[in-house]
Each structure stands twice: as structure tokens, then as C-alpha cells.
Amino acid sequence: MTKQQRPRGTQDMIGEQAARFDHVVETFNRVRKLYGFGRIEVPVFEATSVFARSLGETTDVVSKEMYSFEDRGGDSLTLRPEFTAGIARAYIENGWQQLAPLKVTTWGPLFRYERPQKGRFRQFHQLDAEVIGAAEPAADVEVIALAAQVLAELGVDDRVVLQLNTLGDAETRGAWREALVAHFSGHLDVLSAESRERLEKNPLRILDSKAESDRALVADAPRIDAFMTSEAGAFFEAVQKGLQASGVGFVRAASLVRGFDYYRHTAFEFVTDALGAQGTVIGGGRYDGLIGAMGGPETPAVGWAGGIERLAMLIPDLAPDFARIVVVPDSPSMLEEATAIAYNLRRGKLSTTIDIAYKGNAKRRVELAKKSGYDAILFVREGSRAKDRLHLTHIGGTEAASMLLLKVLEWLPGPYRELSGDDA
RNA sequence: GCGAUCGUAGCUCAAUUGGUUAGAGCGCCGGUUUGUGGUACCGGAGGUUGCGGGUUCAAUCCCCGUCGAUCGCCCCA
């Protein structure tokens, strides 16, 4: 019998790692409410065409990274490689345009058949925020500010910078793209092999080529600013002003482009140099053409996605944010009493565990409790009077510890209340 | 899809240029010490050295294949 193992690029998490993941999600959910973003739920799998058409047939994600399968009814389905396409499909299908502008968030697993490495998995998880049905630059500012505050509250804002660019409107983007193709086509001899390929599929991406040989070419490639329509220019101007007003710092990254075909106007990434080859922690932009292209009403929209694993790797060490108590019955016969006490403490919102292992003698159990990081131990012993049966201990001398002690006393059942402090 | 490095108890790692019975810490199991401010003590179980082949008198160590991990390329969060 061969040992079962998890599929490549998936992860099992517990302890510290799981706590970090959870902290990222919890922080996101707290902050998004401050910005008035609701919650949206969409399926983990969709009809394959939902992603194939929206992302662009030639993108790597569609051409070789999708987890697609045929179900028993013969339909081609795909595990979602990103959130936006599914949300756009739901918006169209359910007629949510009546709710526009819609400010929604979600988070969950995504799937891409890629070679795993640092900060990259086949099943990975993202936070996601979208504003659908708002053409105003203020919507861009809103989603970016949300991202910035999530990062700040995670304590990683000093390790991340916001790179901002515009891809212009369709007209701008088209003209710029043509100019880039012309520019790079004139220097095929120096262009790296990868970039020559990109010239066919996605010439914009040559701009962030890592190849040394491409660097000089990229440096004097035509900049989008020269092709900007006045509308597109004004839009980008307004976004930058709004960010300044929101106190969100950014740098202009003229060569920043986005991977999927549906992006227009604002493109941005929060990047870090602390994660090896995976610098992007949150990436997004405006995708005004997408919903229309998918057969829905022409609908402007802007949004972003952030890698939960990447954020979890970036955040500082987690300090425990609440005190934990363990109730230790001295013998199995004291278990019921211990259970009753623990129940009361929990009603008082105190995090309480019951030690039901009876492992080792008292000294050993104290050691184990300390090792597990409890802030207080409440022994339940044999004894005739209620107050004699309890022994509260192992609380440090800090103010928080004294508060904990008072709270414990407050939520003990009546007969125990005479307990006169701990003998620690 | 391509490249580099790695793969030894449940976990983290040892094992002198290939050499006898593959070790330690943590964890686990049993016992001792009647109870503490992150050092108790004694004993025990647990490995076909990822898997398959090859070279050799002899392989954890060298070679090939395969699977997996890590990091990078591509791409992306």
C-alpha cells in the first residue's frame, strides 16, 4: 500500500501557518466592511467557456494552466483560476445591474496548473474586491484604498509599494500596442526568445521582461502617455488625485501591464521584494470591456485580487490577541465539575479549554499547560467546600493578567466566588 | 513545459574521502518525583535511508530512471 500524499502544489496547514492564513482573511473581512463592501459567493467551478472567453484564449492561464474536466453529463467545467470572470458571469445571469454600483468581496481557493515554488501553488487562495457598474475614477480610488488599508492593518505596508499605471481606453491601448509591436519588430535580433514569442501573443508583456538583453529596448520603447486620448488622460489624472486625497502613496510604473486581456485604464500592483520571484501581493485594475464582451450589458468595473498565502508569509509574527485558560480536573471524577466551570467561563467570552487527558501527575500537567501557551490554569481538586476545590494559578504579574483573574472570578458559578484571589 | 539543489524515525537534523549493529533532540508509550514563574528524572517502542534498477567485496554516500520537495525561468496573486 503506497502512502497517500497530497497533490503537487496543494498544502495542508496547521498551527502557526494556519493562524496566519486565518488572520489575513479575518483582517480583510473586518476592513472591507469599513468600506461598505458586501460579500458575494460564486461557484468554485464554472463552464469552461466562462474563463476561456474572458481571460483571452492565448493567455497562459487559459492555454495550459486550467483544471478542466468533463462531468458525467458531458459538460466541460473548469475549477476557477481567478474570481473576476465568475463574478461577471453571475452579474449578467442574475441581472444584478439593478444593484449597480455593486461593491462586493469574496475569498477562497483558486486553481492553476503551474509549477509550484515560493508563494505559488496549484491550489492557492485569494482575497478579491470588485466595484461593478461604476465608471468613475472614484471607484478605482475606492478599491485601491481598501487594498492599502488591508495591507496597513496587516502590518505589511512598509514592505510593499503600490505601482500604478494606466493602459488607457480601448483606443489608447490599441495605438500603444501597435507602436510597441513596431518598435520591437525593428529589433528582432536583440530581442530575447521569450519576448519574440510575446510579440505575437501579448506584446505589452515585453515591457516587464526580465531578460538583460531586452532592458535597453524596453527603456526606449514608446510610452503610453504619447498615445493617451484626452479622456483617458483625464481619467488617470483623477485616479491619482483621488489616491493623494486618500493618503495612499504610489509610484508611477510606466511598464506595468496586466496579464489578462480584459483590463483597461487603471492597472496596479502592490509589490514586495521579500517573496523571491513572486513580487506581487495584490494586483488589479479596471475591466470596463469584460461584462459587455461576455454578452452582458456594457458595464464598467474595477477590482483586485490578493494572494492570501503571499500575505500570510509577509505579515509579522502574530501576537496572541486573547488570554487562554485551561481547566484541569485532578481526576476523572472531577470532570463534570470542570465542564460546568468551563461552560460558565466561555459564556463570559473567556477562551477556555478543558484538559481531559489526565496525562502524568500534577507537575507534569502544569508543564504541559505552560508549554501550550495558556495564561492561566484552573485546577479542580477534591475537597468538601467549593472554594477549596478550585486553584487558579500561573498568571503573570501584568495588568492584563490581573484583569483576566477578575474576569475569571466574575464568571465562576456562585459557590466558588469566595475564592480569594489566586495563591500565585 | 525548462533548469538547479535536495529526499535518513511522526517532526527537525547527524552519520569522518563508499566500510561492521544508521545516531541525537523533540514528539509518542511506560514508570518515578503530590503540584508551577517556560531545564525534572529513569526506561521503551519506532528506519527495507522516497521508490526501482545499476556499479562495487561492500552503497545513506557513486551512476541512471521515477516520484516528491525546494528555489528559479515562463506566467502570475
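In what follows, every heavy atom counts, from backbone to side chain, and hydrogens, waters and symmetry copies are set aside. First the proteins, then the strands, lettered A, B, ... as listed; each starts at 1.
The interatomic distance linking A:Gln17 (CD) with B:C11 (P) rounds to 15 Å, in whole Å. Following rounding to the nearest Å, A:Asp355 (CG) and B:U36 (P) show an atom-to-atom distance of 16 Å. Between A:Leu256 atom CG and B:C76 atom P there is a gap of 11 Å when expressed in whole angstrom units. Straight-line distance from the NZ atom of A:Lys64 to the C1' atom of B:C75: 7 Å, rounded to whole Å. The CZ atom of A:Arg122 sits 17 Å away from the P atom of B:C76 (whole-angstrom rounding). With rounding to whole Å, A:Glu130 atom CD is found 12 Å from B:A77 atom P. In this structure, the CZ atom of A:Arg112 is 18 Å from the P atom of B:G1, given to the nearest Å. One interatomic measurement links the two molecules: CD of A:Glu114 to C1' of B:G1, which rounds to 12 Å at whole-angstrom precision.
In this structure, A:Tyr343 has no ring pair (Phe, Tyr, Trp, His ring centres under 6.0 Å) partners at least two apart in sequence or on a different chain. Contacts of A:Phe235 classified as ring pair (Phe, Tyr, Trp, His ring centres under 6.0 Å), with partners at least two apart in sequence or in another chain: A:His265. Listed by chain and residue number, A:Phe21 satisfy the ring pair (Phe, Tyr, Trp, His ring centres under 6.0 Å) test with A:His125 (two or more places apart in sequence, or in another chain).
Counting heavy-atom neighbours within 6.0 Å of A:Glu16 CD, excluding the residue itself, gives a total above 12.
A donor-acceptor pair shorter than 3.5 Å can be found between the side chains of A:Glu269 and A:Thr280. Side-chain atoms of A:Glu130 and A:Tyr287 form a donor-acceptor pair, as typed in the model, at a separation below 3.5 Å.
If you take atom P in B:G30 and the same atom in B:G23, they sit 26 Å apart, rounded to whole Å. B:G10 sits 23 Å from B:G53 when the P atoms are compared, rounded to a whole Å. Going from the P atom of B:G37 to that of B:G19 covers 46 Å, rounded to whole Å. For B:U49 and B:U21, the P atoms lie 13 Å apart once the distance is rounded to whole Å. Taking the P atoms as reference points, B:C63 lies 34 Å from B:C75, given to the whole Å. Remark: the separation of the C1' atoms in B:U20 and B:U34 is 49 Å, to the nearest Å. A gap of 41 Å separates the C1' atoms of B:G43 and B:U56, to the nearest Å. Using C1' as the reference atom, B:A45 and B:A9 are 11 Å apart when rounded to the nearest Å.
Listed by first residue number, the stems of RNA chain B with at least three Watson-Crick or G-U pairs below 3.5 Å are B:1-7 with B:67-73, B:10-13 with B:23-26, B:28-32 with B:40-44, B:50-54 with B:62-66.
With A:Arg112 contributing its side chain and A:Pro81 its backbone, the two residues share a donor-acceptor pair below 3.5 Å. Between the side chain of A:Asn165 and the backbone N or O of A:Ala253 there is at least one donor-acceptor pair closer than 3.5 Å. The backbone N or O of A:Pro116 sits nowhere less than 3.5 Å from a side-chain atom of A:Arg122 that would complete a donor-acceptor pair. In this structure, A:Arg159 contributes its side chain and A:Leu314 its backbone to a donor-acceptor pair below 3.5 Å. A donor-acceptor pair is defined here as one N or O able to donate and one able to accept, closer than 3.5 Å; such a pair exists between the side chain of A:Arg196 and the backbone of A:Leu191. The backbone N or O of A:Pro109 lies less than 3.5 Å from a partner atom in the side chain of A:Arg80, making a donor-acceptor pair.
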Quick one: which protein N/O atoms are closer than 3.5 Å to N/O atoms of nucleotides 68-73 of chain B? Pair and distance per line, please.
| unit_1 | atom_1 | unit_2 | atom_2 | d |
| --- | --- | --- | --- | --- |
| B:A69 | OP2 | A:Arg8 | NE | 2.7 |
| B:A69 | OP2 | A:Arg8 | NH2 | 3.3 |
| B:C71 | OP2 | A:Lys118 | N | 2.8 |
| B:G72 | OP1 | A:Ala277 | N | 2.8 |
| B:G72 | OP2 | A:Gln117 | OE1 | 3.3 |
| B:C73 | OP1 | A:Lys210 | NZ | 3.2 |

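RNA chain B is contacted by both A:Gly284 and A:Phe379; A:Phe379 maps to the nucleotide lying nearer its 5′ end (nearest heavy atom per residue).
Against RNA chain B, the stretch residues 303-315 of chain A makes heavy-atom approaches under 4.0 Å through A:Ala305, A:Gly307, A:Arg310.
An aromatic stacking contact links A:Phe124 with the base of B:A77, defined here by ring centres under 5.5 Å apart and ring planes under 30° from parallel.
Heavy atoms of A:Glu269 sit nowhere under 4.0 angstrom from any nucleic acid atom.
From A:Gln126, atom CD reaches atom CD1 of A:Ile282 across 10.0 Å, with rounding to the nearest 0.5 Å.
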